Amino acid sequence: MIVTEVMTQPAVLILLGPPGAGKGTQARMLEEDFGLVQLSTGDLLRAAVAAGTEAGRQAKAVMEAGELVSDSIVLAILRDRMAQADVAGGIILDGFPRTAGQATALDSLLSDAGQRVTAAICLEVDDEAMVGRVSGRTTCAQCGEGYHDEFKRPATAGTCDKCGGHDFKRRADDNAETVRERLKAYHAQTAPLIAYYDGKGVLERIDAMGAIADIRRALGAIVTRVSA
Ligand code: AMP
């Protein structure tokens, strides 16, 4: 008797979009809504910088200038993270891939594991609004919840809504000048990936200029559809 087993592969979602589009915010919500794991190469690199590893020392100045860290450093960091057990149930890649080389390296990494990209979701926004969005960002130092000086203040000033923490941090590269450099890097090196994933038939687009809750719902509908 031949038994045909239908294997559903764990979701591999990519969030594409310029700095400030809301990739990190929405990735954290997708973690909550779908039990996926957020993999942010920006977070992994910041952790490497904070830990003072060799990769972190090489990445630090590049990140502060708003440029892209080399593919070799980013891929090494991502490979290590993807080897950990908690990613088995599906991942949301936030801030990766950012270059054509990273996209093809991801394809081969996934194909070695019998997987492929489930969907690359492009968060569409206006560039000029991104400078304001990114410049006002802060994060709770304790739980990582994101806030904005203008658009998302904690209910009680100085206290995190989620964990009650009082310490908020601001990223070194979240200033208007560096954001403009990061936007340039996005358009030159990352935006071409939209056509790459369109060609593979896995591109989804979403208007990401609206309210966070509306974008969360729209994204959720896409994730439900592509994971079916
Ligand atoms: P992010 O937290 O995604 O905004 O990333 C912050 C900074 O980390 C970027 O401006 C880059 O300098 C670096 N970075 C993060 N992810 C990547 C990546 N996939 N490739 C190259 N550089 C990256």
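Start at 1 with the first residue, then count along the sequence. If you're wondering where the values come from, they're calculated on a predicted model, not measured in any experiment.
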Return yes if some donor-acceptor pair links the side-chain N/O of H187 with the main-chain N/O of P18 below 3.5 Å, else return no. no
Looking at every non-hydrogen atom in both residues, tell me the closest pair between D207 and I215 and how far apart they are. O-CG1, 4.0 Å
Identify whether the distance between the nearest side-chain nitrogen and carboxylate oxygen of D86 and R81 falls below 4.0 Å. yes
Decide, yes or no, whether a salt bridge links R28 with E32 under the criterion of side-chain N to carboxylate O below 4.0 Å. no
Please check if the side chain of T118 supplies one atom and the backbone of L13 the other of a donor-acceptor pair under 3.5 Å. no
Taking A65's backbone N and O only, do any of them form a donor-acceptor pair with E181's side chain (distance below 3.5 Å, no angle check)? no
May I ask you to say whether R180 pairs ionically with E128, meaning some side-chain N is under 4.0 Å from a carboxylate O? yes
Out of curiosity, does M63 fall in the hydrophobic cluster containing L78 (side-chain heavy atoms, cut-off under 4.5 Å, transitive links)? yes
Hey, quick one: are V74 and V62 part of the same hydrophobic cluster, counting side-chain heavy atoms closer than 4.5 Å, chains of contacts allowed? yes
Side-chain (D173) to main-chain (T178) donor-acceptor, under 3.5 angstrom: no
What are the two closest non-hydrogen atoms of D161 and T156, and how far apart are they? OD1-N, 4.4 Å
Where do F96 and L39 land on the side chain to side chain contact (heavy atoms under 4.5 Å, CB included) test, with the steps shown first? CA-CA 8 Å; F96 179 92; L39 295 192; over 6 Å; no
Let me see the working for D174 and R182 under salt bridge (charged side-chain N to carboxylate O under 4.0 Å, His left out), right down to the final yes or no. CA-CA 10 Å; D174 277 354; R182 289 161 64 197; 2.9 Å; yes
Is any side-chain heavy atom of P10 closer than 4.5 Å to one of Q115? yes
If you take all heavy atoms of C143 and C160, which pair is closest and at what distance? SG-SG, 3.7 Å
For E177, is the CD atom crowded, meaning more than 12 foreign heavy atoms sit under 6.0 Å from it? no
Give a yes or no answer on whether the side chain of T99 reaches the backbone of Q189 with a donor-acceptor pair at less than 3.5 Å. no
Side-chain contact test, heavy atoms from C-beta onward, threshold under 4.5 Å: evaluate it for K184 versus D127 and give yes or no. no
Only one of R205, E204, Q26 passes side chain to side chain contact (heavy atoms under 4.5 Å, CB included) with I121; say which it is. E204
Could you walk me through whether Y196 and D107 satisfy the side chain to side chain contact (heavy atoms under 4.5 Å, CB included) test, starting with their C-alpha distance in whole Å, then the side-chain angles of each, then the deciding distance to 0.1 Å, before giving a yes or no? CA-CA 12 Å; Y196 178 77; D107 286 344; 2.3 Å; yes
Between L16 and K23, is there a side-chain heavy-atom distance shorter than 4.5 Å? no
Taking G101's backbone N and O only, do any of them form a donor-acceptor pair with T104's side chain (distance below 3.5 Å, no angle check)? yes
Min side-chain heavy-atom separation V226-V202 under 4.5 Å: no
After noting the C-alpha distance and the side-chain angles of D149 and R170, does the key distance pass the side chain to side chain contact (heavy atoms under 4.5 Å, CB included) rule? CA-CA 11 Å; D149 297 341; R170 210 175 277 275; 3.2 Å; yes
Any side-chain heavy atom of T138 sitting closer than 4.5 Å to one from K169? no
Can you find a heavy atom in the side chain of T25 that is under 4.5 Å from one in the side chain of K152? no
Taking the side chain as C-beta and beyond, is there a heavy-atom pair between R116 and K200 under 4.5 Å? no
Quick one: do V223 and I92 satisfy side chain to side chain contact (heavy atoms under 4.5 Å, CB included)? Show the steps, please. CA-CA 10 Å; V223 174; I92 313 148; over 6 Å; no
Is there a side-chain contact between M29 and I212, using heavy atoms and a 4.5 Å cut-off? yes
